[in-house]
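For reference, the structure discussed in these notes is given below.
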Amino acid sequence: MVRHYEALGLLGSVARSDAGYRQYSTADVHTLRFIKRSRELGFSMAEIAGLVSLWHDSQRASADVKRIAKAHVLELEKRIIALQDMRGTLQNLLQNCHGDARPECPILDRLAGH
């Protein structure tokens, strides 16, 4: 993942030892932790790039950070609603499936578009 972060410009070029091992500075470690925490909160890589950029910008406006976080919360809310709808559909299908030796299966019928 670190190479991916470097390719995306989230992490600067990391120094390497003579043996080719990456040598991280304290700032690199802080950036990697920032990225990890951002990923744990479900931010996209594009959002994380924006947040890292703002984090490194001492002239940033907190309104820009809040805008990114607020948009992410709205997206999470949409995903939660979609997941709840999926759960409800599956629960309904489970209730209508006999789950026995019969071949009829409303779950498969729904997946097949019937």
Side-chain angles (χ1 to χ4, degrees):
M1 286 303 296
V2 174
R3 280 181 268 168
H4 183 61
Y5 299 154
E6 288 177 36
L8 293 173
L10 297 176
L11 189 63
S13 182
V14 176
R16 292 188 179 261
S17 70
D18 292 335
Y21 294 103
R22 288 184 173 84
Q23 296 176 316
Y24 298 102
S25 68
T26 301
D28 294 331
V29 172
H30 286 297
T31 300
L32 287 168
R33 286 182 180 145
F34 184 97
I35 293 167
K36 181 180 184 245
R37 287 189 292 266
S38 299
R39 289 182 53 117
E40 287 170 351
L41 289 173
F43 284 102
S44 69
M45 293 312 291
E47 291 167 328
I48 293 171
L51 290 168
V52 167
S53 177
L54 289 166
W55 180 48
H56 289 294
D57 180 2
S58 62
Q59 302 300 309
R60 69 183 169 262
S62 64
D64 294 333
V65 179
K66 186 173 183 175
R67 178 185 45 78
I68 293 170
K70 188 174 184 177
H72 184 59
V73 167
L74 292 174
E75 183 60 32
L76 288 173
E77 288 171 353
K78 288 179 189 175
R79 289 170 54 194
I80 288 168
I81 290 168
L83 287 170
Q84 289 172 333
D85 288 346
M86 284 188 260
R87 182 184 62 199
T89 299
L90 283 169
Q91 286 175 331
N92 184 36
L93 290 170
L94 286 169
Q95 287 176 344
N96 291 306
C97 180
H98 296 289
D100 55 18
R102 290 181 267 186
E104 296 82 16
C105 180
I107 299 169
L108 292 178
D109 290 343
R110 176 68 182 263
L111 293 173
H114 297 114

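Numbers for residues simply follow the sequence, beginning at 1.
- In the hydrophobic clustering of ILVMFWY residues, with side-chain heavy atoms under 4.5 Å counting as a link, L83 and L41 come out apart.
- Nearest heavy atoms, G12 versus E6: O-CG, 4.0 Å.
- Across every non-hydrogen atom of G50 and I68, the tightest pair is C-CD1, 4.2 Å.
- Smallest separation of non-hydrogen atoms from C97 and C105: SG-SG, 4.0 Å.
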Item to check | Evaluation steps, side chain to side chain contact (heavy atoms under 4.5 Å, CB included), between Y5 and T31 | outcome: CA-CA 10 Å; Y5 299 154; T31 300; over 6 Å; no

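- How far CE of M45 is from OG of S38: 9.0 Å, rounded to the nearest 0.5 Å.
- Rounded to the nearest 0.5 Å, atoms CG (L93) and CG (L108) are 10.0 Å apart.
- Side-chain atoms of H72 do not come within 3.5 Å of backbone N or O of E47 as any donor-acceptor pair.
- Other residues, nucleotides and ligands contribute over 12 non-hydrogen atoms within 6.0 Å of the CG atom of D100.
- Residues V14 and R22 share a closest heavy-atom pair of CG1-CB, 3.8 Å.
- When all heavy atoms are compared, the tightest approach of V65 to L51 is CG1-CD2, 4.0 Å.
- To the nearest 0.5 angstrom, R39 atom CZ is 10.5 Å from S44 atom OG.
- For R16, the CZ atom sits in a packed shell: over 12 heavy atoms of surrounding residues, nucleotides or ligands are nearer than 6.0 Å.
- M86 and L94 sit in two unconnected hydrophobic clusters of ILVMFWY residues. Membership requires side-chain heavy atoms under 4.5 Å apart, directly or through other members.
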Next on the checklist: Is there a side chain to side chain contact (heavy atoms under 4.5 Å, CB included) between K36 and L32? Walk through the geometry before answering.
Outcome noted: CA-CA 6 Å; K36 181 180 184 245; L32 287 168; over 6 Å; no

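- At a threshold of 4.5 Å between side-chain heavy atoms, the hydrophobic network of Ile, Leu, Val, Met, Phe, Trp and Tyr places M1 and L8 in one connected group.
- Closest heavy-atom contact between I35 and L10: CD1-CB, 3.8 Å.
- Taking CG of L90 as the reference point, atom CG of D85 lies at 11.0 Å (rounded to 0.5 Å).
- The pair E75-R79 does not meet the salt-bridge criterion, since no charged nitrogen lies less than 4.0 angstrom from a carboxylate oxygen.
- Here ring-ring contact (aromatic ring centres under 6.0 Å, His included) pairs that include residues 47-71, with residues two or more places apart or in two chains, are F34-W55.
- Between the CG atom in L11 and the CG atom in D28 there is a gap of 5.0 Å [rounded to 0.5 Å].
- Without hydrogens or angle criteria, S53 side chain to A49 main chain gives no donor-acceptor distance under 3.5 Å.
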